[in-house]
Enquirer: 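If you scroll down you'll find the structure; I have some questions about it.
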Amino acid sequence: MDRAKQQQALLLLPICLALTFSLTAVVSSHWCEGTRRVVKPLCQDQPGEQHCIHFKRDNSSNGRMDNNSQAVLYIWELGDDKFIQRGFHVGLWQSCEESLNGEDEKCRSFRSVVPAEEQGVLWLSIGGEVLDIVLIMTSAILLGSRVSCRSPGFDWLRVDALVAIFMVLAGLLGMVAHMMYTAIFQITVNLGPEDWKPQTWDYGWSYCLAWGSFALCLAVSVTAMSRFTAARLEFTEKQQAQKGSRHSQHSFLEPEASESIWKTGAAPCPAEQAFRNVSGHLPPGAPGKVSIC
């Protein structure tokens with residue numbers, strides 16, 4: 001493999017890495033992570049449980065436990081002890097929250113908690129992320145064909161230019177989609193349903209992967225454009241050198257023709273002078289060729 005193909009193969013690696021980052025970010029649900037403050041349930045079945053509110057019913061006069069709804073409940077937890085912090089994480093598609101025992105999660109659609117007037121912006125964000133993946137995948141296919149195939153009749157410089165254009169478009173689309181999702185999430189935190197609003201939140205690892213893909217797209221675009229410019233300049237210089245060599249060969253044709261005349265034994269003559277063979281009209285011993293004006 002020559003040096004050019006090695007450089008193209010190295011350029012293919014960050015494209016595949018950006019594609020992996022984008023796919024992982026889109027299908028995951030860790031764009032934002034945080035905690036919610038929820039009220040503990042009553043410890044009806046598990047009296048020794050720590051994640052529930054312990055209570056005691058008052059006994060009736062006959063010594064039996066009164067199951068009437070008007071019975072007085074004595075609750076031992078007060079203030080912040082009545083609440084528990086439950087972790088949650090949100091993605092493009094769903095929002096998941098930890099259960100009380102911490103072993104499983106309860107998930108629901110993120111679109112169901114987004115305000116109705118922001119639904120269109122959410123779909124635009126998802127469309128931008130999908131189109132970003134399509135452009136990165138197209139660039140990977142084009143550059144892969146550039147490395148594996150070598151057809152002399154095809155203009156491969158155009159492939160490098162297309163890769164640079166597609167990658168910069170993918171990066172810009174991804175940036176806009178990430179910013180739209182950030183705005184939608186912040187609006188949902190303020191205007192969303194009360195049973196979903198987080199108390200504390202921060203950006204998760206999926207959000208970092210999405211912006212990492214954006215950085216890789218821009219880096220690949222700049223590299224591909226610089227390689228295309230350098231290859232274009234080199235191709236132009238080669239064409240100019242070939243034209244110069246052809247011109248120099250044409251300028252040396254006249255000296256070579258005069259040298260062939262000297263080899264035939266003819267005498268050089270000034271301009272407008274003709275050579276004639278007059279050996280039949282000269283006396284014996286005279287030279288066979290003379291020049292007359």
Side-chain angles (χ1 to χ4, degrees), residues 10-36 86-98 105-115 117-144 162-192 196-225:
L10 290 177
L11 189 62
L12 188 60
L13 293 178
I15 296 180
C16 296
L17 190 61
L19 181 61
T20 304
F21 284 178
S22 295
L23 285 173
T24 306
V26 168
V27 300
S28 62
S29 60
H30 288 267
W31 284 65
C32 297
E33 300 174 349
T35 57
R36 288 188 60 245
R86 299 171 65 177
F88 81 100
H89 52 90
V90 185
L92 290 173
W93 308 100
Q94 61 182 359
S95 173
C96 298
E97 184 177 335
E98 293 180 354
E105 293 180 340
K106 179 181 179 181
C107 297
R108 56 178 171 177
S109 175
F110 178 62
R111 188 171 59 89
S112 62
V113 299
V114 176
E117 59 272 11
E118 302 296 334
Q119 295 284 337
V121 183
L122 177 62
W123 284 113
L124 285 177
S125 176
I126 295 175
E129 297 290 347
V130 174
L131 188 57
D132 172 34
I133 293 175
V134 171
L135 289 174
I136 298 176
M137 190 178 300
T138 305
S139 300
I141 294 174
L142 288 176
L143 194 58
L162 287 177
V163 169
I165 294 173
F166 287 164
M167 291 303 291
V168 72
L169 288 178
L172 293 177
L173 279 174
M175 178 187 67
V176 174
H178 306 341
M179 295 176 66
M180 285 193 297
Y181 178 82
T182 304
I184 292 169
F185 181 80
Q186 293 176 356
I187 293 173
T188 307
V189 168
N190 296 326
L191 303 178
W196 179 87
K197 287 184 179 181
Q199 184 180 11
T200 60
W201 64 274
D202 200 354
Y203 299 109
W205 56 266
S206 300
Y207 192 79
C208 297
L209 286 181
W211 282 106
S213 175
F214 161 75
L216 287 173
C217 287
L218 292 188
V220 170
S221 175
V222 171
T223 304
M225 185 58 67

Enquirer: For K106, give me all partners under side-chain hydrogen bond (donor to acceptor under 3.5 Å, both in side chains), at least two apart in sequence or on another chain.
Expert: none

Enquirer: Would you say T138's side chain and V134's backbone share a donor-acceptor pair under 3.5 angstrom?
Expert: yes

Enquirer: Is a side-chain donor or acceptor of S221 paired with a backbone partner of C217 at a separation under 3.5 angstrom?
Expert: no

Enquirer: Evaluate the ring planes of W196 and F88, with Trp represented by its six-membered ring, and classify them as parallel (under 30°), tilted (30 to 60°) or perpendicular (over 60°).
Expert: perpendicular

Enquirer: If you measure from CE on M175 to CH2 on W211, what distance do you get to the nearest 0.5 Å?
Expert: 6.5 Å

Enquirer: Determine whether W205 and S28 make a side-chain contact, defined as any pair of heavy atoms from C-beta on separated by less than 4.5 Å.
Expert: yes

Enquirer: Side chains of L13 and L10, heavy atoms from C-beta outward: is any pair under 4.5 Å?
Expert: yes

Enquirer: Measure the CE-CD1 distance between M137 and I15 for me, rounded to the nearest 0.5 Å.
Expert: 12.5 Å

Enquirer: Roughly how far apart are M167 CE and D132 CG, rounded to 0.5 Å?
Expert: 8.5 Å

Enquirer: So, taking the atom named CG in L11 and the one named CG in L143, what distance separates them when rounded to the nearest 0.5 Å?
Expert: 5.0 Å

Enquirer: Quick check: closest heavy atoms across F166 and S139, and the distance to 0.1 Å?
Expert: CB-OG, 3.1 Å

Enquirer: Nearest heavy-atom pair of L173 and G128: which atoms, and what distance?
Expert: CB-O, 4.4 Å

Enquirer: Going by heavy atoms in the side chains, are F185 and T188 under 4.5 Å from each other?
Expert: no

Enquirer: side-chain contact (heavy atoms from CB on, under 4.5 Å), that's the test. Do W93 and V27 meet it? Break it down for me.
Expert: CA-CA 8 Å; W93 308 100; V27 300; 5.7 Å; no

Enquirer: Mind checking the CG-CZ spacing from L122 to R111? Nearest 0.5 Å is all I need.
Expert: 8.0 Å

Enquirer: Quick one: closest heavy-atom pair of I136 and S213, and the distance?
Expert: CD1-OG, 3.8 Å

Enquirer: Are any of the side-chain heavy atoms of Q186 and W201 separated by less than 4.5 Å?
Expert: yes

Enquirer: S206 side chain to A25 main-chain N or O, any donor-acceptor pair under 3.5 Å?
Expert: no

Enquirer: Once rounded to the nearest 0.5 Å, what's the spacing between atom CG of L19 and atom OG1 of T24?
Expert: 9.0 Å

Enquirer: Give a yes or no answer on whether the side chain of H89 reaches the backbone of C96 with a donor-acceptor pair at less than 3.5 Å.
Expert: no

Enquirer: Under 3.5 Å, is there a donor-acceptor pair between the side chain of S125 and the main chain of A177?
Expert: yes

Enquirer: If you apply the rule ring pair (Phe, Tyr, Trp, His ring centres under 6.0 Å), what do you find for W31 with Y181, and how did you get there?
Expert: CA-CA 9 Å; W31 284 65; Y181 178 82; 5.0 Å; yes

Enquirer: Keeping the roles fixed (side chain from R36, backbone from R86), state whether a donor-acceptor pair exists under 3.5 Å.
Expert: no

Enquirer: Verify whether one side chain among T182 and Y207 offers a donor that lies under 3.5 Å from an acceptor in the other.
Expert: yes

Enquirer: Keeping E129 on the side-chain end and S22 on the backbone end, is there a donor-acceptor pair under 3.5 Å?
Expert: no

Enquirer: Where do G204 and E33 come nearest, in terms of heavy atoms and distance?
Expert: CA-CD, 4.1 Å

Enquirer: Kindly give the heavy-atom pair with the smallest separation between A224 and V163, and that separation in Å.
Expert: CB-CG1, 4.4 Å

